[in-house]
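One structure is given below, encoded as structure tokens.
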Amino acid sequence: MKIDELYALLRRRGFLWPTAEIYGGAQGLYDYGPLGRALKRRLEEAWSAWFVGRSWDYYRIEPTEIVPEAVVRASGHLENFTDPEVTCATCHGAFRAETVLEKVRPDGIDGLTPPQIEEIVRSSHVRCPNCGASTLSVPEPFHLMFDLPFGVRGGERAYLLPETAQSSYLAFARMREVGRKALPLGIAVVGRAYRNEIAPRQVLFRMRAFTQAELQIFFDPAEPPGAPGASASETIPVLRADRRARGEGSTERLSAAELVASGLPAFYVDHLVHYYQFLRDVLGYPAERLRFLEKSERERAFYNRLQFDAELHLESLAGAKEIGAVHYRGDYDLTRHGAASGRDLSVVRADGQRVVPHVLELTFGIDRNLWALADALLGVEGDRTVWRLPPYLAPIAVGVFPLIAKEHRPFAQHLAEELRSAGIPTEYDEASSIGRRYARMDEVGTPYCVTVDAGTVGDGPERGTVTLRARDSKAQERVPAAEVAARISAALRPPWPPSR
RNA sequence: GCGGGCAUAGUGUAGUCUGGUUAUCACAUAGGCUUGCCAAGCCUAUAACCCGGGUUCAAAUCCCGGUGCCCGCACCA
């Protein structure tokens with residue numbers, strides 16, 4: 001579906017809508033409604049079960065989203081989370097200062113202040129790449145972080161976290177105590193991050209407040225966590241950086257063993273495979289729309305030693321879009337926070353040697369994937385609209401309907417209450433025709449519908465039985481009402497993560 | 001941020017150029033009747049000119065500002 005159609009459907013059914021909608025909305029901010037919240041929660045829990053549940057050494061924490069300035073100074077966000085821009089007074093074009101000054105400053109402009117950059121622009125007589133005028137200037141840097149006055153006097157500053165990962169680095173020392181174990185240690189956060197984006201667009205794909213799920217795995221570089229054992233033969237779709245550099249844009253399927261043979265660390269490949277299986281088997285993304293795109297040294301952040309972005313081809317956004325990533329961040333984060341805080345964040349090996357742990361970061365955009373689930377699995381099929389969500393992700397697991405409201409209402413309402421008491425997300429509906437009720441459930445991804453009819457309440461052989469309709473096949477089956485709860489519960493169990 | 005385009009019920013729209021009755025139609029939604037297993041039919045109801053200012057006897061319509069959305073550029077450590 002196109003972006004507008006998909007967004008309209010999600011708004012209409014109460015999945016999400018713009019924040020402050022009655023005031024015309026606020027760019028880059030969205031609220032989730034009942035169904036959206038339910039889907040988001042299930043997505044978060046599925047992620048947590050798959051990634052955090054993989055090891056007894058992995059823990060999920062719930063940190064705050066406001067941090068003192070020292071944190072973002074140490075992390076490098078304060079100085080690096082802005083990109084100096086050059087604007088042209090003649091044509092109003094805006095360009096990255098680094099690009100404009102490429103010839104004059106081949107080494108780049110890292111660390112220079114805006115006045116210094118402006119001085120270079122002026123003294124070197126650089127012309128506007130767009131209109132050729134020499135009217136370029138450097139505006140005040142645009143800050144991508146939200147800052148807040150903090151404390152009673154407001155003299156200190158605090159910031160809304162621009163990424164949840166920092167919380168895990170801050171928690172590392174405490175969690176070493178809490179976990180009482182040797183490395184590896186995994187710290188997971190599902191939480192909000194905030195960025196004052198210049199141009200939020202494409203609904204859930206560029207937001208100013210968004211939810212990330214991130215697992216940071218801290219490990220001794222001498223003993224990296226995991227290697228593709230049983231999954232060595234699993235193939236994953238990848239686009240390597242060297243092939244892209246040669247202009248080859250096609251994805252290839254390589255086995256874990258091949259990726260290791262090509263020089264990627266085994267533990268890294270292991271996590272790529274594990275990540276891929278989550279996207280394909282748990283979320284149900286079509287394999288042919290997935291790929292892992294390797295970022296070149298130029299493209300990735302300087303502290304990342306390896307970076308593969310998980311991408312899904314989205315019809316609504318007309319292209320492959322990043323839905324997650326696997327970053328090998330080395331010891332950058334703990335070294336920075338160690339130095340800035342004065343705390344020694346290194347760990348002692350069995351032989352007495354100290355080492356600063358390395359970090360493997362598995363990051364997953366919750367909002368983006370919520371949208372991606374709609375894009376990839378929700379569509380118009382002939383005369384109906386169906387969202388083929390995996391049952392354990394569906395906001396509503398079962399719809400209960402009386403075929404004729406007047407006659408079958410008591411039985412149907414009672415059954416709906418029972419299912420709800422059993423912990424099954426249930427919807428009861430008796431409005432309009434039975435076909436329309438099925439259709440309403442199909443478009444929000446409800447995997448099962450139960451209908452109470454004359455047979456259920458009659459005296460014949462069908463007494464006490466109901467029809468159980470499957471969303472995907474539209475097939476109906478006659479089952480005893482007493483068995484419905486067990487049948488549906490079984491289908492709501494998510495796939496278990498492969499343990500290490 | 002820059003440039004271009006757009007903004008009318010929940011959705012899609014007519015009307016805007018050329019200002020003038022109670023703002024068109026369809027679907028959706030709610031209630032009723034009927035039917036009784038896949039968006040059927042009939043009746044009824046709810047429901048909109050993005051916000052603010054200006055011009056005018058009169059503004060959905062013209063002008064200005066703002067906001068939001070779409071496309072392109074830029075940005076997305």
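Proteins get letters first, then strands, A, B, ... in listed order; numbering begins at 1 in each.
- Phosphate contact (OP1/OP2 of B/rG10, side-chain N/O of A/Arg13, threshold under 4.0 Å): absent.
- In terms of phosphate contacts, A/Gln476 brings no side-chain nitrogen or oxygen within less than 4.0 Å of OP1 or OP2 of B/rC38.
- Checking A/Arg206 against A/Thr451, the closest nucleotide of RNA chain B that is more toward the 5' end is the one next to A/Thr451.
- For the pair A/Arg11 and B/rU11, the criterion of a side-chain N or O lying under 4.0 Å from OP1 or OP2 is met.
- Judged by Watson-Crick or G-U wobble contacts below 3.5 Å, the nucleotide B/rG12 has B/rC25 as its partner.
- Checked against B/rG31, B/rC38, B/rA40, the side chain of A/Ala431 finds its nearest nucleotide in B/rG31.
- In this structure B/rC33 sits in a base pair with B/rG41, meeting the Watson-Crick or G-U test at under 3.5 Å.
- For A/Glu21, the CD atom is densely surrounded, since the number of other residues' heavy atoms within 6.0 Å is greater than 12.
- Of the inter-residue distances, the one linking A/Asn369 atom CG with A/Asp375 atom CG reads 11.5 Å to the nearest 0.5 angstrom.
- At B/rC71, none of the side-chain N or O atoms of A/Arg201 fall inside 4.0 Å of OP1 or OP2 (strictly under the cut-off).
- The ring of A/Tyr194 has its center no closer than 6.0 angstrom to the ring center of A/Tyr159.
- Nucleotide B/rC17 has no partner under the Watson-Crick or G-U criteria, as no pair reaches both atom distances under 3.5 Å.
- The phosphate of B/rU29 has neither OP1 nor OP2 within less than 4.0 Å of any side-chain N or O from A/Arg12.
- The ring pair (Phe, Tyr, Trp, His ring centres under 6.0 Å) test with A/Tyr275 is passed by exactly one of A/Tyr285, A/Phe308, A/Phe51: A/Phe51.
- Using P as the reference atom, B/rG19 and B/rC27 are 34 Å apart when rounded to the nearest Å.
- Close to B/rA39, at under 4.0 Å from its OP1 or OP2, lies no side-chain N or O of A/Arg437.
- Ring to ring, A/Tyr332 and A/Tyr303 are close: their centroids are under 6.0 angstrom apart.
- Pairing for B/rG3 is with B/rC71, a Watson-Crick or G-U wobble pair whose two hydrogen-bonding atom distances lie under 3.5 Å.
- Regarding A/Phe205, its CZ atom lies at a distance of 14 Å from the P atom of B/rC70, rounded to whole Å.
- Nucleotide B/rG65 has B/rC51 as its partner under the Watson-Crick or G-U criteria, with both atom distances under 3.5 Å.
- In terms of phosphate contacts, A/Lys474 brings no side-chain nitrogen or oxygen within less than 4.0 Å of OP1 or OP2 of B/rA39.
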